[in-house]
Amino acid sequence: MVAITLPDGSVREFDGAVTGAGIAESLSKSLAKKAVAVKVDGVVCDLFSPIKTDASVEIFSRDTPEGLDLIRHDAAHLLAQAVQDLYPGTQVTIGPVITDGFYYDFARDEPFSSDDLKKIEKRMMALVDADLPTRKEVWNRSDAIAHFTKMGESYKAELITDLPEGEEINIYYHGEWHDLCLGPHLPSTRHIGKAFKLIKLAGAYWRGDNRNPMLQRIYGTAWANEKDLKAYLTRIEEAEKRDHRKLGREMDLFHFQPEAQGSVFWHAKGYLIWRALEAYIRRQLDADGYIEVKTPQILDSKFWEQSGHWAKFRESMFVVPDEIPSTDDDAPVLSGKSDLLALKPMNCPAHVQIFKQGIKSYRDLPIRMAEFGCCHRNEAHGALHGLMRVRQMTQDDAHIFCREDQITDETRRFLDLFSHVYADMGMTDISYKLATRPDTRVGDDATWDRAEKALADALTAAGLEFELAEGEGAFYGPKLEFHLTDAIGRTWQAGTYQLDYVLPERLDASYVDDKGARQRPVMLHRAVFGTFERFIGLLIEHYAGRMPLWLAPVQVVVAAITSEADDYAREVVTTLKAAGLRVDLDIRNEKINYKVREHSHAKVPAIAVVGAREATERKVSLRRLGSQGQSILTLDEAAQALGAEAAPPDLRRD
RNA sequence: GCCGCAGUAGCUCAGUGGUAGAGCGCACCCUUGGUAAGGGUGAGGCCGGGAGUUCAAUUCUCCCCUGCGGCACCA
């Protein structure tokens, strides 16, 4: 007897092993028809897998989150099957479900084209119509390896070889086509439906390792129905309009050009955002007990050798020879024999030098040393991405030198600072990651154990939920990463908090403890925004360019209706500027409709319209971005209200 | 850096083996108009760079550069 507990709590008994399909059949015809898989004690299983012991069972249809995952997983298989039908000799590798869809990596000498995608899609549709049933076989390990090797599927054979001994080797069939897969799957290809689309082609290294061959990855999206698919495509289209690179150009904030690739030309309007942010964060740091310093841009390579950067990051440093370039046009500019300097890729070693000046007592700690340091990193060409990944960037960087017993307090203090800053910025969707020791690192394992534990403990004490990112720490210590999401769902590290026992050791920083003995301080590397560049990029996408008043480059445009009101418009500008606002004047020979439209497109938060009426009554007609109507205020009221609203959030608090 | 795709006016894009076109923007003129496009005229292009094929290349081929989407990397 097998007792099956259903979601409503009722129990059904079966004479022996029963499948999900069998249970569904026994419940109702319509359920049997809709069922796509079954959850057995919380684990999603094939509808045709026998359930041999008592269990809680939930049967679900394709219109559930679990069902959607299966649709995407099956769509990946379908893609592989279609590709192998159309392009014999192509090897399959892996094809997982990802956010909003799936991908499959193929090994094929000839590249796929976008035309191929259309053909593949068509073939996939035909396979759905063919309604091929799913069937599972469990194979013997060596037979499976021999089978796939014989088929010429060396990647699959490698995958099976690397499976742990004793792991079941499941082979799923969709018709005759079959693949190694953990499963589970939909009962047949018809259940996948046709709400899918192949969206892009890309290269991807086999097993994510750049020493391995590059495979061809085909990305697709799949949904339960056409409506969801359409909604997704519309969502992506809308998101693309929020792209900071597009808005940066449209709003005249910044630009890039090939002569300085990866470095930003900040236009006046973009730099106003930067200045507002910098002033804001500087106030927070001042209030939180930081000191601010400024350190050299170029330092001798010996210095970077000592810090460990030269060995690990030299290839992405901008190295500068310490010599006078030749002025002889026929001779090489540089001799290649001089000593080498490098532009700083980070500020920390320089901060240690300031710490080391004089003798520090345990009473001096913690020292919170901040710098808006401009750093250069020679990032790989393919890594550059608008403001998000640049070669010259300025961090709101600081290093906290403290005693080990101060780590918990400092961590809590930083997390407080971080959360109130992000709240002020309107950024609430943050994911936290604790990144642990990487393969290439400095410092012994005992030190790493201590550092990772200290950080995890501090986080737990602060009550923060975090995800573990194994092996993604900095080479000198574990780190907490604060990630934000861009318009199309990519996540970027913004803030960071790193615990470091190693650099103080390497650079010989010490303080004198209460017994008069020399001790190593702990160094906490931290940034709240991360870099101004990336953070501004994320802010632009977050607000879709419609910045809150305090960050808007132009806060108010005063637009005159007729030239009779020009003088009054000038006066309004003067008054609003006196209230601390950034104001532009628009007395062009254009209709008011045109002006309103243009400034609205430019995402100016407030338009103060003045005509003859306003001029005589000393009023303004104020129109806010996003609103259809306007309100009539006296000039003084408008100046006061807008001036108050334009104050940075920290200065608005009582 | 690797794989794929792209590069035509300031922007968005069309186009052709015989050296180019639209809309918006810009300039000038008319228009003084009450909350998301008033009208007219005009200027503006080494068709990313280099080489090759050709009588002729923006168009075809190759190389390079830059950009885009991924991958790898991200102190």
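Atoms considered below: every heavy atom in the structure, side chains included; atoms not considered: hydrogens, waters and symmetry mates. Just so you know, these numbers come straight off a predicted model, no measurement behind them.
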Dot-bracket for RNA chain B, please. Rules: Watson-Crick or G-U, both distances under 3.5 Å, ( ) within the strand, [ ] when a pair crosses earlier ones, | for another strand, . otherwise.
(((((((..((((....[..)))).(((((.......))))).....(((((..]....))))))))))))....
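- Among B/G69, B/G34, B/U35, the nucleotide with an atom closest to any side-chain atom of A/Q630 is B/U35.
- Each of A/L117, A/L201, A/I98 was checked for a side chain to side chain contact (heavy atoms under 4.5 Å, CB included) with A/Y219, and the lone residue meeting it is A/I98.
- Under the 4.0 Å criterion applied to side-chain N and carboxylate O atoms, A/E481 and A/K479 are assigned as salt-bridge partners.
- Below the 3.5 angstrom threshold, one finds no donor paired with an acceptor across the side chain of A/E250 and the base of B/G25.
- Residue A/V609 has its side chain nearest to B/U35 when only B/C11, B/U35, B/U32 are considered.
- Atom C1' of B/C65 sits at a distance of 22 Å from the matching atom of B/C73, rounded to the whole Å.
- Within 4.0 Å of A/E614, counting heavy atoms only, lies at least one base atom of the nucleic acid.
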Determine, step by step, whether A/F535 and A/L387 satisfy the side-chain contact (heavy atoms from CB on, under 4.5 Å) criterion, reporting the C-alpha distance in whole Å, the side-chain angles of both residues, the deciding distance to 0.1 Å, and the verdict.
CA-CA 8 Å; A/F535 196 76; A/L387 294 178; over 6 Å; no
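- Of the C1' atoms belonging to B/C29 and B/U35, the separation is 26 Å, rounded to the nearest Å.
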Between the protein and nucleotides 8-10 of chain B, which nitrogen or oxygen pairs come in under 3.5 angstrom?
none

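- Side-chain proximity of A/P258 to the nucleotides B/U66, B/A36, B/U32 is greatest for B/U66.
- Remark: side-chain polar atoms of A/E410 are not paired, donor with acceptor, to backbone N or O of A/I407 under 3.5 angstrom.
- Going from the P atom of B/A22 to that of B/G42 covers 12 Å, rounded to whole Å.
- Within 4.0 Å (heavy atoms only), A/A559 reaches no atom of the nucleic acid at all.
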Which letters describe nucleotides 70-75 of chain B, given B = protein heavy atom under 4.0 Å from base, S = only from sugar-phosphate, - = neither?
BBBBBB
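- Separating the P atom of B/C13 from that of B/C68 is a span of 14 Å, rounded to the nearest Å.
- Salt-bridge annotation for A/E237 and A/K241: absent, with no side-chain N of the basic residue lying under 4.0 Å from a carboxylate O of the acidic one.
- In terms of modelled atom types and a separation under 3.5 Å, the side chain of A/R582 and the main chain of A/Q555 share no donor-acceptor contact.
- In this structure, A/I592 reaches the sugar-phosphate backbone alone: every heavy-atom distance under 4.0 Å involves primed, P, OP1 or OP2 atoms, never a base.
- If you take atom C1' in B/G34 and the same atom in B/C46, they sit 49 Å apart, rounded to whole Å.
- Remark: the backbone N or O of A/A398 is not paired with any side-chain donor or acceptor of A/E371 at under 3.5 angstrom.
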